[in-house]
Amino acid sequence: MHRILLIEDDPQVGPAIRRGLTAEGYTVDVATDGVTGLEFALAGDHDVIVLDVMLPRLHGYGVCGRLRAAGVTTPVLMLTAKDGEHDEAEGLDTGADDYLTKPFSYVVLLSRLRALLRRGGSYGTSPVLSHGDLWVDLATRRAGRGATAVHLTGKQFGVLAALIRANGRVLSKGEILDEVWDPAFRGDASIVEVYVSALRRKIDTPWGTRSIETVRGYGYRLAPLGSTGD
């Protein structure tokens with residue numbers, strides 16, 4: 001039985017989500033402010049965290065950022081009434097794995113949660129993939145460059161793994177969406193650009209390199225070994 005932590009202060013949305021998830025067979029713990037939610041997340045053993053952005057005492061970005069700084073890798077689905085690429089990018093940069101804008105369909109919420117649960121448990125026997133000193137461990141969902149581990153969110157990890165698997169082949173945004181995103185996703189394919197930019201900041205900028213090449217008008221690939229990319 002999967003255990004979900006719901007951090008949501010809306011007196012209508014929170015109870016409705018809890019009832020729905022409980023009816024689906026999930027065990028649901030609830031916190032109604034950011035500080036309490038952070039305490040629950042640090043002390044508990046949850047499979048997924050559903051995290052609202054606009055919370056009293058500590059906003060969702062702060063909760064997620066502190067969890068990642070503490071080494072908590074539990075997948076986070078962030079809920080917000082905000083909309084726009086910059087708000088989504090902020091959530092992703094603090095370590096969220098997925099992002100859902102209110103108002104949303106409960107069916108879509110369930111689909112996103114199931115996708116996060118599948119990704120969390122589907123790599124147990126898979127090998128470590130590498131490209132030069134860049135690597136992803138599909139069993140532990142860890143990634144890094146050389147001896148240095150780099151924290152990636154769920155979709156950042158998925159995008160990097162897809163590019164390494166492609167072994168230099170160019171992947172279109174659509175192909176990346178098909179491999180990494182849930183089939184129910186109906187958003188703009190340009191969201192892939194947000195994740196690639198975040199990946200570059202994490203796996204390239206600290207080392208002064210450029211591993212992910214942009215192929216204009218088509219998509220992305222890993223730069224050939226020995227190249228500095230575009």
Side-chain angles (χ1 to χ4, degrees), residues 1-10 13-55 58-81 88 90-124 138-143 151-159 161 179-185 187 191 195 198:
M1 182 180 294
H2 292 295
R3 186 178 176 193
I4 295 174
L5 173 60
L6 172 63
I7 310 175
E8 169 63 75
D9 69 317
D10 189 298
V13 173
I17 293 176
R18 182 180 189 178
R19 287 194 299 271
L21 294 178
T22 301
E24 292 287 331
Y26 297 110
T27 298
V28 184
D29 298 321
V30 178
T32 56
D33 68 81
V35 172
T36 303
L38 178 62
E39 292 173 350
F40 281 12
L42 291 172
D45 183 20
H46 301 95
D47 297 294
V48 176
I49 298 170
V50 180
L51 174 63
D52 188 33
V53 170
M54 304 303 292
L55 292 167
L58 179 63
H59 58 61
Y61 298 139
V63 172
C64 194
R66 295 186 190 188
L67 286 175
R68 297 315 188 211
V72 176
T73 59
T74 306
V76 172
L77 173 61
M78 192 165 276
L79 307 179
T80 181
E88 180 167 354
E90 183 175 357
L92 298 172
D93 283 345
T94 60
D97 297 270
D98 204 354
Y99 188 99
L100 197 56
T101 303
K102 297 177 181 178
F104 52 81
S105 161
Y106 180 69
V107 173
V108 172
L109 173 66
L110 276 178
S111 176
R112 299 289 184 88
L113 286 175
R114 287 169 181 151
L116 290 176
L117 290 167
R118 286 197 302 270
R119 292 180 196 126
S122 62
Y123 297 108
L138 300 179
T140 63
R141 295 188 66 76
R142 296 175 64 247
H151 172 73
L152 301 179
T153 67
K155 284 195 174 65
Q156 290 168 5
F157 183 94
V159 171
E179 181 163 345
V180 180
W181 268 252
D182 187 85
F185 179 74
I191 188 60
Y195 287 88

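Between Gln156 and His151 the shortest heavy-atom distance is OE1-O, 4.5 Å. Counting all heavy atoms, side chain and backbone alike, Met78 lies closest to Cys64 at CE-CB, 4.0 Å. Heavy atoms only, all atoms of each residue included: Asp10 and Val13 are closest at OD1-N, 2.9 Å. Val63 and Gly34 get closest at one heavy-atom pair: CG2-O, 3.5 Å. Between Leu6 and Gly14 the shortest heavy-atom distance is CD2-O, 3.5 Å.
Every residue two or more places apart in sequence or in another chain that forms a side-chain contact (heavy atoms from CB on, under 4.5 Å) with Tyr26 is listed here: His2, Ile4, Leu21, Glu24, Val28, Leu110, Arg114, Leu117.
Remark: Arg68 CZ is packed, more than 12 non-hydrogen atoms of other residues, nucleotides or ligands lying under 6.0 Å away.
Within the 3.5 Å criterion, the main-chain N or O of Tyr99 finds a donor-acceptor partner in the side chain of Arg112. Using a distance-only test at 3.5 Å, with no hydrogens or angles considered, a donor-acceptor pair links the side chain of Tyr106 to the main chain of Gly20. Under the 3.5 Å distance criterion, the side-chain polar atoms of Asp52 are left unmatched by any main-chain donor or acceptor of Leu55. No donor-acceptor distance shorter than 3.5 angstrom exists from the side chain of Asp97 to the backbone of Leu77, with no hydrogens or angles considered.
Atoms NE2 and OG1, on His59 and Thr80 in that order, are 11.5 Å from each other to the nearest 0.5 Å. Within the model, atoms CG of Asp29 and OG1 of Thr36 stand 12.5 Å from one another, a figure rounded to the nearest 0.5 Å. Rounded to the nearest 0.5 Å, atoms CG (Leu79) and CD1 (Ile17) are 5.5 Å apart.
Looking at Thr73, Thr74, Leu51, Leu42 one by one, the single match for side chain to side chain contact (heavy atoms under 4.5 Å, CB included) with Leu67 turns out to be Leu42.
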Any chance you could lay out the side-chain contact (heavy atoms from CB on, under 4.5 Å) test for Val30 and Glu8, step after step, and finish with the verdict? CA-CA 7 Å; Val30 178; Glu8 169 63 75; over 6 Å; no
